[in-house]
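Sequence lines set the chain letters: A, B, ... in the order given, protein chains first and strands last, and positions in each chain run from 1. Everything quoted here is computed from the prediction, not taken from an experiment.
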Amino acid sequence: MTNHWIDLKNADVILAMGSNPASNHPISMKWIMRARERGAKLISVDPRFTQTSAKADLYAPLRSGTDIAFLGGMINYILEKNLYFKEYVVNYTNASFLVSPDYKGPADLDGLFSGYNKEKRSYDKATWSFQKDENGLALKDPTLQDPNCVFQLLKKHYARYTLDKVTNITGTPKEKLVEVYELYGSTGKPDRAGTECYAMGWTQHTVGTQNIRAMTIIQMLLGNMGIAGGGINAMRGESNVQGSTDQGLLFHILPGYNPVPNAALPDLATYIEKNTPTTKEPRSVNWWSNRPKYITSYLKAIYGTAATKENDFGYGWLPKLDVGQNGSWLNLFDKMHQGQFEGFFAWGQNPACSGANSNKTRAALAKLKWMVNVNLYDNETGSFWRGPGMNPKDVQTEVFMLPCCSSVEKEGSISNSGRWAQWRYKAVEPPGQSWPDAEIMNDLYFKVKELYKKEGGAFPDPILNLTWDYGEKDTAGKVKHIDIHAVAKEINGYFLEDVYDMKATPPKLIGKKGDLVTSFPSLQADGTTSCGNWIYCNSYILKDGKEVNMMARRGKDDPTGLGLFPGWSWCWPVNRRIIYNRASVNPQGEPWDPKRPLLKWNATKVGPTGTPGAWEGDVPDGPAPPMGTDGKFPFIMKPDGVASIFGPGLNEGPFPEHYEALECPLEENSMSKQRINPTIKIFGGESDAFYSCDARFPFVATTYRASEHWQTGCMTRHCSWLLEMQPQNFVEMSVELAKELGISNGETVVVVSGRGEVQAVAMVSERFKPFKLENSTVHQVGLTWHFGWQFPEDGSGFDSANLLTPTVGDANTMIPESKAFMVNVRKA
Amino acid sequence: MTEMVRKSSGDEILNHWVLAVSCILLIISGYGFLFQTEAIGSLFGGFNTMKTVHNWVGVVFILSLLFSMRHSFKDALEYDEDDRQWFKVAGGYLSHKVKVPPMGKYNPGQKLYYLAILGAGIAIALSGFAIWLVQGNQTLILISHLVHNVSFCIFIIAVPVHIYLSTLANPGTFQIMVNGTLPLEVAKKRYPKWMKAAGKM
Amino acid sequence: MANDNTKNRKAILVTPEVCIGCRACQVACKSWNQLPGIKTKNNGTYQNPPDLASAAFNIIRYSEVPSEKNPVRWLFVSRRCMHCDDAGCMKICPAPGALYRTKEGAVAFDRDKCIGCKLCVNACPFDVPRYDADGKVTKCHLCFDRIGAGMQPACVKTCPTGALRFGDRAELVSTAKKDGFGTIYGEEDLGGLGTVYAFKEEPKLYGMTDDPAIPSSVVFWHTVLKPFAVAGLGGVVAAAAIHYLAVGPHKEEEEV
């Protein structure tokens, strides 16, 4: 989230699209309902009339996988009706930037952007660039009239997304489109705030990233970024997903969103050069220019004294990806399916039910020599060898079960969707032989280290040089028990030497050797500081000689009245509750909306450096004065200092374009000749089959969650109270479709896709309606993916809906397309 | 030695007392339920026991009541001119001065009383069983509850009348329900038609 | 057994308009009361268990009604004991203390005192009381154990949106009215319910019972038959005494 949960109450219009907060994030509805009490309007856009729709002021249906068409139509409407916030757009976005005249878009190239390579299914992005002046600064036209300026290109691109076109793609009635566009477009006024809440309904598509990009363009046009009650808010699917990405759980990022190095970056200098953006714009903060400090401090945190300037701070010990290698989920399991893995740790997950195309996942597990299942319960993954279609005799995989603790059985922090790192305490002792994950890792680490010590191995250095000072050690040097505070402090970082601010005269002491670093501006690139994750620097600080765990704070003061609660827990970065908050003020530092001042420049108040002028309100994006004076641009993470309406970073193009899902009901994409996303990876295996416009699989399907269960239900299916409320997998469908198929409500049916089939109880209701497109009627069904064959033991819950989903991912993130695929439904 | 006439057989006497005791127990416990009388509940060792007692004594009661039909039902259905006359003088209960017509073994008051008890007894038992055993039929149970309580009102009025008339109001009557006999001389006075029919007069 | 202590009367205010159907209330109730899970099946609806049960003191009722602007309207209403001021269950209950009024105005129950006659089930205008496997009455008791200790009922505590609120009854009702809820269901019914509902529309739309009342036979029994039984018993004893004194016992010699 750019904002945070409580901030939803500050919105005037809340768009819940790609999410169903009432079912899946009930707490968010607390704040959404609070906003509604103030008169705010809730819009729900969903293929199905959900619990959220039931509370919405405005509901619009759309066919799964057509969000970009819907949002593109909104962009077009906003531009046509002049609903955009011009001052914001001109000053705080790249709308005025001039794009290379060689750039061509889908309007010119029938669905493609310039630079496409059909064989590689990828783009050469050279033409997606800005025209520069002799100083290397982007050329701009603040009048937004130049035909090559971003604004005009945007206009041209989305002029094709007319109401008629959109309604024929999405199946949304035209009058509903207008209602949504009009209402959401009303937040383009300076004193109106609109927020977007999305979840897997947007991400799990082959165009997932571009779905979100489309919305960010709308938010920029309406001036909704950086303000209270605005933003793009990803509602995370787990309580600590934010924390796990922050700490580098994904294959391509190290903690703090530093890229994982690849083989083409042999040394630290090359890594830094390649990954540190530069700018000629003197008023851009370009925060990522600090990358050298963050990566060096990270290396010092993990390799300690072994990391020296001479050995590149141990950069060579970091694992490297091959150039172009993608280690995401679908690829991992594809390789596993090909027998390229020996072993697998399934740690806190249930891939046999959670992974797209579960039959393939389950078959892949059978190719392993060994698997370690670390979980609260045995699950469909740990017991895959005795699951449906498996003959235990034929499965050679040796499976180990390591029972671990639940979150209430151990101490530590979790980071919620709003980036709040909240400290939690152990409430109860773990049952039986279950251990906290950290203890399991501790044991594992020392065992592996011992083997490397004894046997040498191919490359022992990364293991042997790791720091592991997380508590008292026994005589063999092994940490007896992990002190989780020591881990938190390592993440925050230490001064390894006395560090001075050399710019001051005389040099001023910033931090003493051995002290906790106060915040990331103090981090150094010369190895004198350590920091496990720069964005968490400031989470565990030294205050008045005492170490203070900022995450454990429980202050309830709300000085701004906006619900920022700066004294409650701690929020990255540096307790900034709403990021890009300098965009909430005009170039003179006055809040756009004086009634909702998130920040305000006070020219007379003495600032942190002792000179007059300081920000009041939230922790600002840097202390510099507002950009209208001699200050800095507000989007400090962007090299240009402004938000990117034209975003050349993604693989499919700088503007989101509508493409159909890999499996879709239409022969043609009515936007262009390009039916599917031209840059997605097509898996060619037998088990990866997909079927578009195939009479055998005539209905669109999507998957979702219910309030009562969590993920694959591994935890919740074992709770009889929850199972009582939602005992079985179900498939929701329209009355019209049920009638066509002769299915009655409550009857058990079989849902079939090109990859598998699953039983479910038919839930027939008016909540699903067929979509009327230009020349056809499209039916859609939806299933929950909370169930699995193993529990309830009598099989009454049925199996996972992921038996149906395809092996295909988003072109940027590779998140599987579980939200739009084709199925058939038949009576059981 | 006074010559005695047998009015009630041994089994009839036994049944009467079974019926009487069960009825009294039911009335007392029923009263306890009706008014949530803690004192009565504690007599039975609490309301839970009292409920069990009430239910099963109810079974005894209805069996006993049905058994009584063997002795009393036929008589209770036969009425003659004297019986009608009996009503006109209110059975002589309101004044000892009036002339009461000659009676058979039972006077019509007793006969009607019996029928009333029989009717109310069957009603209270059937409704009681419904409340006890039937589930999920609100109408039936609410009707049963009403019938049970209306019948209770009949009992709570009728039973004391019976007790009074068979003890204080008519000295000597109680003896009949102890040993089943009464002196022939008394019988001749009270039940001349019965005695005549029996050839004793 | 009207509760005259209305000043201190507590209540739960249900506002279905802000209920999101998340059913945290159902789980919280089961958790606090340690009720066993019920083996259910999906009947083609989210509503589960289908109705109140001995191990389900509250449920969310999901109903679909026609809508002009949307495919359907989907309504969520919390169903539970209404804690009537004039409570049919308490009225008909033969066992003292089995169903009782707490000082906060809740209708609570005491399993040990319940005799399992099930009459309460039939006297309830809302079909609320249920019987557990031991044949004892169970139902929502407004978390008398929590509210007695100054806490909120478990369901209210967990409700994320404020669809369930607990507090001073009079205050809840007046706040709801101030917030523009024209119809307060249960404000006057049955002496005033302890679970009141705030609606902007007809309560019937949400499946609420129209004019809830204790069954007329129970009212008749309570107001007529019970006094009559006492009067009858007293009357007949008095009549016998008067008869004995005024007329006297039967004397054989007076007979001819």
**Request:** Answer with side chain, backbone, both or neither: which region of C/F220 has an atom nearer than 4.5 Å to a non-hydrogen atom of chain B?
**Result:** side chain

**Contact winner vs chain B - C/V218, C/V236, C/V121, C/V224, heavy-atom pairs under 4.5 Å** = C/V236

**Asked** Between B/Q135 and chain C, which part of the residue has a heavy atom less than 4.5 Å away: side chain, backbone, both or neither?
**Response** side chain

**Message:** Looking at C/D51 and C/R79, is there a salt bridge between them, counting it only when a charged N and a carboxylate O are closer than 4.0 Å?
**Reply:** yes

**Prompt:** Do the rings of C/F199 and C/Y206 sit parallel, tilted or perpendicular, given the 30° and 60° boundaries?
**Reply:** tilted

**Contacting region of B/Y31 [heavy-atom separation from chain C under 4.5 Å]** = side chain

**Complete:** C/P153 and C/C143 have their tightest heavy-atom pair at CA-CB, 3.6 Å

**Request:** For chain C, find which of B/T139, B/I156, B/L146, B/I131 contributes the most heavy-atom pairs closer than 4.5 angstrom.
**Result:** B/I156

**Request:** Find the one option among B/L168, B/N170, B/T49, B/N55 whose heavy-atom pairs under 4.5 Å with chain C are most numerous.
**Result:** B/L168

**Asked** Among B/F33, B/W132, B/F155, B/F152, who wins on heavy-atom pairs under 4.5 Å with chain C?
**Response** B/F33

**Prompt:** Hey, is the main chain of C/I60 close enough, under 3.5 Å, to the side chain of C/R80 for a donor-acceptor pair?
**Reply:** no

**Request:** Go through B/E38, B/M50, B/E185 and name the one with the most non-hydrogen pairs under 4.5 angstrom from chain C.
**Result:** B/E38

**Asked** Any salt bridge between C/R111 and C/D134, counting N to O under 4.0 Å?
**Response** yes

**Asked** Under 6.0 Å from the six-membered ring centre of C/Y131 and within 45° of its axis: does the NZ or CZ of C/K118 meet both?
**Response** yes

**Prompt:** Can you say whether C/C114 sits under 4.5 Å from chain B via the side chain, the backbone, both, or neither, judging by heavy atoms?
**Reply:** backbone

**Asked** C/E104 and C/T102: side-chain donor and acceptor closer than 3.5 Å?
**Response** yes

**Lys/Arg N to Asp/Glu carboxylate O, B/K111 vs B/D75, below 4.0 Å** = no

**Prompt:** Non-hydrogen atoms of chain C under 4.5 Å away: do they reach the side chain of B/V159, the backbone, both or neither?
**Reply:** neither

**Prompt:** Side chain, backbone, both or neither: which part of C/V247 has a non-hydrogen atom closer than 4.5 Å to chain B?
**Reply:** both

**Asked** Checking B/I141 against chain C: side chain, backbone, both or neither under 4.5 Å from a heavy atom?
**Response** side chain

**Request:** Tell me yes or no: between the side chains of B/Y114 and B/S68, is some donor less than 3.5 Å from an acceptor?
**Result:** yes

**Asked** Side chain, backbone, both or neither: which part of C/D112 has a heavy atom under 4.5 Å from chain B?
**Response** backbone

